[in-house]
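Heads up: the structure comes next, in structure tokens.
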Amino acid sequence: MKARQLVFPDRMKVETVDVDMRDTPGPGEVLVENRYGLISPGTELAMFTQTHVGFTREDFGYASFPFHPGYASVGRVLLTGRDVDGVHEGDLVYVRGKHASHALVPAGGSLLRLPENLSLQHAPFAVIAKIALTAVRLSDVRLGHTVAVFGQGLVGNLAAQLMNLSGARLVIGIDAVPDRLSISESCGIGACVNPEAEDLADRVNTITNGEGCQIVVEATGNPEVAPPAIRIAAQMGQVVLLGSPRGSAEIDLYFDLHRTGVSVIGAHGSRQPDASQFGDPDPDELMLDYIARERLKVDPLLSHVLPASQADTAYRGLLNEKGAFLGVLLDLTRWE
């Protein structure tokens with residue numbers, strides 16, 4: 001069979017290609033007809049614009065063209081192969097895969113049945129929530145902490161919500177886009193600060209009564225944000241680099257880290273601790289459950305649903321119109 005898939009052939013270009021795919025799943029495999037895919041505005045935009053730092057490394061093959069974007073999608077099971085348990089034809093499922101019309105995947109950790117009460121348009125946000133969860137699981141956040149999150153895009157907003165759910169007394173959302181701060185307020189973020197409209201350090205100092213924040217999450221990926229993030233941390237605080245940095249930053253090791261005892265934690269999504277070691281739920285399944293039960297609010301984050309044929313509009317909107325574009329779903333059934 002022929003499936004349709006998005007590809008970045010070069011910088012600032014997105015195209016649709018036809019790919020050959022077996023129409024009969026093998027043992028342990030499932031054939032899924034995808035419905036929606038959520039654009040990751042971090043990694044996908046970094047690849048689209050060729051700003052991912054990996055492009056300058058010959059030994060980092062991930063950052064190269066052609067690149068096939070996509071983190072996760074939702075769809076319907078068309079066929080199952082032999083020895084597949086727990087998934088049946090007609091089931092609605094969550095798939096860790098690319099922006100494509102169909103997916104042929106193992107019936108394992110990359111595929112999960114959707115909770116019955118979960119909206120198809122909300123389910124793909126679980127992939128971004130799982131990334132945000134890394135900041136919680138790698139930090140020592142505890143009851144009563146004050147947390148600041150730089151960047152209130154998808155990852156930052158969901159990280160702030162998860163910090164709330166993890167016992168933070170107060171979460172401060174920081175962003176220079178007013179519309180994103182308004183959305184954060186609607187998602188229960190207790191204090192919002194626009195660093196372009198007020199002095200960030202003074203405002204945080206006032207909010208925290210001069211103590212700073214025990215946990216600071218940098219979710220923008222902008223290396224220029226890391227130094228001010230470190231400076232608002234409390235004594236012995238933790239700064240979590242959740243957004244993949246797009247370059248280097250200059251930090252005063254003595255005054256910013258050595259004297260304060262502040263620690264900096266790299267929190268790439270792949271570094272999330274193995275849940276099975278601690279008896280924790282699978283993070284994909286956990287985030288799907290939290291979204292289904294509206295413990296995580298994702299409806300305010302959904303700004304656009306566009307046909308896959310308008311992917312160029314979607315990527316350029318996320319890049320250039322941050323006040324309007326936030327959570328963008330691609331309808332993977334519409335390619336013309």
Side-chain angles (χ1 to χ4, degrees), residues 41-42 45-46 49 51 128 131-132 135 139 141 145-164 168-235 237-252 255-257 260 262-267 300-301 303 317-327:
L45 278 189
T49 58
T51 56
I128 305 296
I131 294 170
S139 73
V141 61
H145 275 174
T146 299
V147 178
V149 182
F150 282 77
Q152 289 299 287
L154 293 187
V155 172
N157 179 292
L158 290 167
Q161 290 194 55
L162 286 167
M163 288 293 181
N164 261 338
R169 176 185 298 178
L170 176 67
V171 178
I172 305 169
I174 302 168
D175 203 293
V177 181
D179 289 338
R180 292 190 172 183
L181 294 179
S182 296
I183 291 171
S184 295
E185 288 177 346
S186 71
C187 292
I189 308 309
C192 291
V193 179
N194 183 338
E196 293 188 355
E198 52 190 325
D199 185 280
L200 174 64
D202 286 348
R203 179 71 173 130
V204 171
N205 191 60
T206 299
I207 293 172
T208 65
N209 294 318
E211 295 182 0
C213 302
Q214 286 78 35
I215 307 290
V216 181
V217 179
E218 200 300 289
T220 71
N222 181 351
E224 295 181 0
V225 176
I230 291 171
R231 289 170 194 143
I232 68 166
Q235 291 283 323
Q238 293 179 316
V239 177
V240 182
L241 300 182
L242 180 61
S244 294
R246 307 305 177 199
S248 58
E250 183 173 332
I251 299 169
D252 189 317
F255 286 103
D256 292 344
L257 298 179
T260 62
V262 169
S263 59
V264 179
I265 301 170
L301 307 180
S303 63
L318 285 166
L319 181 64
N320 301 316
E321 301 177 54
K322 296 186 183 299
F325 284 72
L326 182 56

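This structure is a prediction, so every number in the text was calculated from the model and none was measured.
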Pairs involving residues 217-230, ordered by first then second residue, that meet side chain to side chain donor-acceptor pair (under 3.5 Å) (sequence neighbours left out) =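 Residue pairs with at least one partner in residues 217-230: Glu218-Thr220.
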Give, for atom [atom1] of [X] and atom [atom2] of [Y], the distance between the pair rounded to the nearest 0.5 Å.
X	Y	atom1	atom2	result
Ile172	Leu170	CD1	CG	5.0 Å
Ile189	Met163	CD1	CE	11.0 Å
Ile232	Arg203	CD1	CZ	12.0 Å
Ile230	Asp252	CD1	CG	10.0 Å
Arg169	His145	CZ	NE2	9.5 Å
Phe150	Leu241	CZ	CG	11.5 Å

Got a donor-acceptor contact below 3.5 angstrom from the Arg231 side chain to the Ala201 backbone?
->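 No; judged by distance alone, with no hydrogens or angles, the pair does not exist.
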Mark yes or no for whether Ser303, through its side chain, and Phe325, through its backbone, hold a donor-acceptor pair below 3.5 Å.
->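 Here the side-chain-to-backbone pair does not exist.
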Let me check something: any side-chain donor-acceptor pairs from residues 204-217 under 3.5 Å, sequence neighbours excluded? List them with distances.
{"from": "Thr206", "atom 1": "OG1", "to": "Asp202", "atom 2": "O", "distance (Å)": "3.0"}
{"from": "Thr208", "atom 1": "OG1", "to": "Val204", "atom 2": "O", "distance (Å)": "2.8"}
{"from": "Thr208", "atom 1": "OG1", "to": "Gly212", "atom 2": "N", "distance (Å)": "3.0"}
{"from": "Gln214", "atom 1": "OE1", "to": "Thr146", "atom 2": "N", "distance (Å)": "2.8"}

Contact between [X] and [Y] at the side-chain level, heavy atoms closer than 4.5 Å - yes or no?
X	Y	value
Arg180	Pro178	no
Gln238	Val262	no
Asp175	Asn194	no
Pro195	Ile174	yes
Val239	Ser263	no
Pro223	Ser248	no

Smallest separation among heavy atoms of [X] and [Y], with atom names:
X	Y	answer
Leu242	Ala267	CD1-O, 3.8 Å
Glu185	Cys192	CG-SG, 3.5 Å
Gly156	Val149	O-CG1, 3.5 Å
Val240	Ser139	CG2-CB, 4.1 Å
Leu301	Cys187	CD2-SG, 4.4 Å
Gly151	Ala219	O-CB, 4.2 Å

Only counting residues at least two apart or in another chain, list the ones meeting side chain to side chain donor-acceptor pair (under 3.5 Å) with [X].
X	answer
Ser186	none
Ser182	none
Gln161	Asn157

Would you please name every residue forming a salt bridge (Lys or Arg N to Asp or Glu O under 4.0 Å) with Glu321, sequence neighbours left out?
->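 Scan of Glu321 (salt bridge (Lys or Arg N to Asp or Glu O under 4.0 Å), adjacent residues dropped) gives none.
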Going by atom types only, do Gln152 and Ser184 share a side-chain donor-acceptor pair under 3.5 Å?
->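 Yes - a donor-acceptor pair under 3.5 Å links their side chains.
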